[in-house]
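The block underneath contains the structure these notes are about, expressed in structure tokens.
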Amino acid sequence: MTIKVTRSISSFGVSPEDESKRDEFMVIAPPTVPKSIADMWESLAPDVRAALISSELKSDNGMIKQRLGNSSTPTVSRASSSVSFMDQNSSLGSSKEGDVEVRRETCPVSGAEVTLTPLERAPENVFAFTKTHLDEKSEVVKTSAATVTTTTKVVSTSRGWRNIFSLPISYDVNMVAHGTLFDTVNSQLLDATGVHPEGYNTRFAVVDAEVDVLYGDKIKDYFKVKGIELTTCVINGGEADKRQQAVDTILDDLCAYKLRRREPFLAIGGGCVLDIAGMAACLYRRGVPFVRVPTTLLAIVDASVGVKNGIDYCCCVTDETYKNRVGSFYAPSACLLDPAFIASQDARNISNGFGEILKLALVRSSDLFDLLEAHGAALVETRFEDESLKQSGVSSRIIDASIQIMLEELGPNLWETKLDRCVDYGHTFSKLLEMVPGADIMHGEAVNVDGFFCIVISYLRGYIGMDTVNRIFNCMKSLNLPTNSTDLHLELAWQSCQDAIEHRHGEQRIPLITEIGESVCVSDITEEELTRALDLMTKFDH
């Protein structure tokens, strides 16, 4: 004989503490109803209450008969009477209740049914909600005489408010005519600092120390001619300087300058300076506008076009430094890109910038890779000043394509809600390579070492052939990019995979190319696979 016992319990406003003890509660405590609900029930006319009870009992009896009809096993059903306060058959979506459009949805985490009612003063943004969650548990007890199945149902409800606000993000990435940014005839730099009342003749700029040496006088003269007094905060732009102290220096100077709430300030320099300044902009008065003016090839194609800012964090507990561990998603008000800055860099820094450009070519564009393969070496050698390549448009095509690919990848996913990102190529093992104490490696260089290591892994997995590996290796060498590091060993590589799991929310999500211009993210790289890849890396003439 099989006996089924069904117990239905309705509980309202169950607290997290109560919820952890819900099984015990269900067994020893009778169902409780809030006083407001009880008062509402008592206010109904007796005949109405009787009709509701009768309808509920008929519904329960119908369910019992249906179960009996579907099973040859005798069933005994015991259920406590309850009042349904929500239409269990209501479909998701929206419906009209009077003049108010009520939205219904299912919580993807708990499975609760959510009813959202807009508030009159802010109907597009603020909603009162009720959440109804049905939890059903079954327990089977077998004895020599019978099998007893006890099904316990708990309906819990909660209430609150939801605030919905879509943050409007819009910023222009402006290509400036070559070498004209500080030309007083060009108003782009001044225009980017915003519209101010007549007579407001001061501006603020964060300037990379190296840029200040090369262009400091030009920048000040530009604003002086326009009747503007420029206050500058000069900071160092190396990776070692990307710390909280640099952010504090900017914040101190902003306080002394008394920057207005809607007044954009300028950030002029390489990627580290742009990251530091963006962090300060996000923090000052809970957010003020800032304008990015990148002055390196790497910053032009990478740091300047997205919305990420950040600094490296020195943890007092672990006594370790974590790259970009503290930061924000905070968009600039504008970006001004003048490729003439590239000519002021040395060959190593230009190659460093190509590390990020080549990354984009490998995961997204075989056409861009073809351009780098054919003309990259000449661009490094001439610092983007080769007249024939300028006239043919090759120089601008490479920069434009890189920026456009970055924006296409970042634009729909600014807050990185999707963690499978091809632009993370070269950013799994490179983080720890850059943080090795005393390591003489720049960001784009580390990205390229990481990138070639991933090329080898792709080969070992059968994604690409050795012809493709050699082609990519030769292109990297033509750009004077390193393809290996003495610091890339198994311990670092495996730790990088563990860090990736933490950073990418539970999975490695490591991008690997399947052909030049195409990629896939994988999450199953093993220590044994890393060992084989490291061994194969030694076979190349780095």
Side-chain angles (χ1 to χ4, degrees), residues 210 214 237-239 270-272 294-303 339-390 392 394-399 401-403 405-406 425-427 429-431 433-434 436 438-456 468-488 513 516 536-542:
E210 293 291 332
L214 296 172
E239 186 68 37
C272 289
T295 58
T296 66
L297 176 60
L298 181 65
I300 287 172
V301 300
D302 183 40
F341 284 118
I342 299 171
S344 66
Q345 295 187 270
D346 60 26
R348 184 183 180 187
N349 272 281
I350 293 174
S351 292
N352 182 52
F354 269 115
E356 283 285 352
I357 295 175
L358 182 56
K359 171 200 81 173
L360 296 171
L362 290 173
V363 296
R364 270 290 314 275
S365 175
S366 59
D367 290 340
L368 178 57
F369 183 86
D370 291 343
L371 287 173
L372 296 178
E373 193 175 37
H375 307 290
L379 289 172
V380 172
E381 184 180 349
T382 63
R383 298 183 295 180
F384 274 77
E385 291 298 307
D386 185 293
E387 284 301 324
S388 64
L389 295 180
K390 279 176 150 184
S392 64
V394 169
S395 304
S396 60
R397 282 168 60 197
I398 287 176
I399 292 175
S402 302
I403 292 170
I405 290 171
M406 280 294 287
Y425 188 83
H427 288 71
F429 308 100
S430 61
K431 291 182 179 180
L433 285 176
E434 288 184 74
V436 172
D440 181 22
I441 192 166
M442 303 174 79
H443 177 67
E445 295 172 336
V447 167
N448 199 73
V449 171
D450 181 322
F452 186 67
F453 187 45
C454 287
I455 293 296
V456 171
T468 301
V469 175
N470 287 330
R471 185 183 173 196
I472 294 169
F473 180 78
N474 291 333
C475 182
M476 289 176 169
K477 300 307 291 183
S478 73
L479 296 170
N480 293 334
L481 283 165
T483 50
N484 202 1
S485 167
T486 55
D487 294 318
L488 181 58
I513 72 163
I516 294 175
L536 184 54
M537 287 278 281
T538 64
K539 311 300 183 185
F540 290 85
D541 184 13
H542 300 284

Requested in this report: Take H542 and F473, measure what side-chain contact (heavy atoms from CB on, under 4.5 Å) needs, and give me the verdict at the end.
Outcome: CA-CA 9 Å; H542 300 284; F473 180 78; 3.8 Å; yes
Report task. Mind running side-chain contact (heavy atoms from CB on, under 4.5 Å) on S430 and V449 for me, showing each step along the way? Result -> CA-CA 7 Å; S430 61; V449 171; over 6 Å; no
**Report entry** Verdict with supporting geometry, D440 and E445, side-chain contact (heavy atoms from CB on, under 4.5 Å)
**Finding:** CA-CA 10 Å; D440 181 22; E445 295 172 336; 5.9 Å; no
Requested in this report: Take I513 and I472, measure what side-chain contact (heavy atoms from CB on, under 4.5 Å) needs, and give me the verdict at the end.
Outcome: CA-CA 11 Å; I513 72 163; I472 294 169; 3.7 Å; yes
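The number of heavy-atom neighbours closer than 6.0 Å to CD of E210, taken from other residues, nucleotides and ligands shown, is 12 or below.
Between L389 and I398 there is no side-chain heavy-atom pair separated by less than 4.5 Å. No side-chain heavy atom of K390 sits under 4.5 Å from any side-chain heavy atom of F384. The shortest side-chain heavy-atom distance between S402 and L368 falls under the 4.5 Å cut-off. Between H443 and H427 there is a side-chain heavy-atom pair separated by less than 4.5 Å. Using a 4.5 Å cut-off on side-chain heavy atoms (C-beta onward), Y425 and C454 make contact. In this structure the side chain of C475 reaches within 4.5 angstrom of the side chain of L372, judged on heavy atoms. Put simply, the side chain of I441 does not reach to within 4.5 Å of the side chain of E239, judged on heavy atoms. Counting heavy atoms from C-beta on, the side chains of K477 and T483 come closer than 4.5 Å.
V380 approaches S351 most closely through the heavy-atom pair CG1-OG, 3.6 Å. Contact record, C272 with G237: CB-O, 3.4 Å, taken as the closest heavy-atom pair. In plain terms, the two heavy atoms of G355 and V447 that are nearest each other are O-CG1, 4.0 Å. Nearest approach of F453 to L488, heavy atoms of both residues: CG-CD2, 4.0 Å. Looking at every heavy atom in both residues, A299 comes nearest to G270 through CB-C, 4.0 Å. When all heavy atoms of L479 and L358 are compared, the closest pair comes out as CD1-CD2, 4.2 Å.
Going from atom CD1 of I455 over to atom CG of L536 covers 12.0 Å, rounded to the nearest 0.5 Å. Separation of atoms OG (S395) and CG (L379) is listed at 5.0 Å; rounding is to 0.5 Å. Atom-to-atom distance recorded for I516:CD1 and D370:CG is 7.5 Å, nearest 0.5 angstrom. A distance of 12.0 Å separates CD1 of I357 from CG of N448, quoted to the nearest 0.5 Å. To the nearest 0.5 angstrom, K359 atom NZ is 13.0 Å from L481 atom CG. The line from CG of L214 to CZ of F341 is 9.5 Å long, rounded to the nearest 0.5 Å.
In the model, N352 has no side-chain atom that pairs as donor or acceptor with a side-chain atom of N349 under 3.5 Å.
Not a single donor-acceptor pair under 3.5 Å links the side chain of D487 to the backbone N or O of L433. Judged purely by atom type and a 3.5 angstrom limit, Q345 uses its side chain to pair as donor or acceptor with the backbone of L297. In terms of modelled atom types and a separation under 3.5 Å, the side chain of N474 and the main chain of N470 share a donor-acceptor contact.
Residue pairs meeting the side-chain hydrogen bond (donor to acceptor under 3.5 Å, both in side chains) criterion with at least one partner in residues 371-384, sequence neighbours excluded, are E373-R471.
Relative ring orientation between F452 and F540 is described as perpendicular, the plane-to-plane angle rising above 60° on a 0-90° scale split at 30° and 60°.
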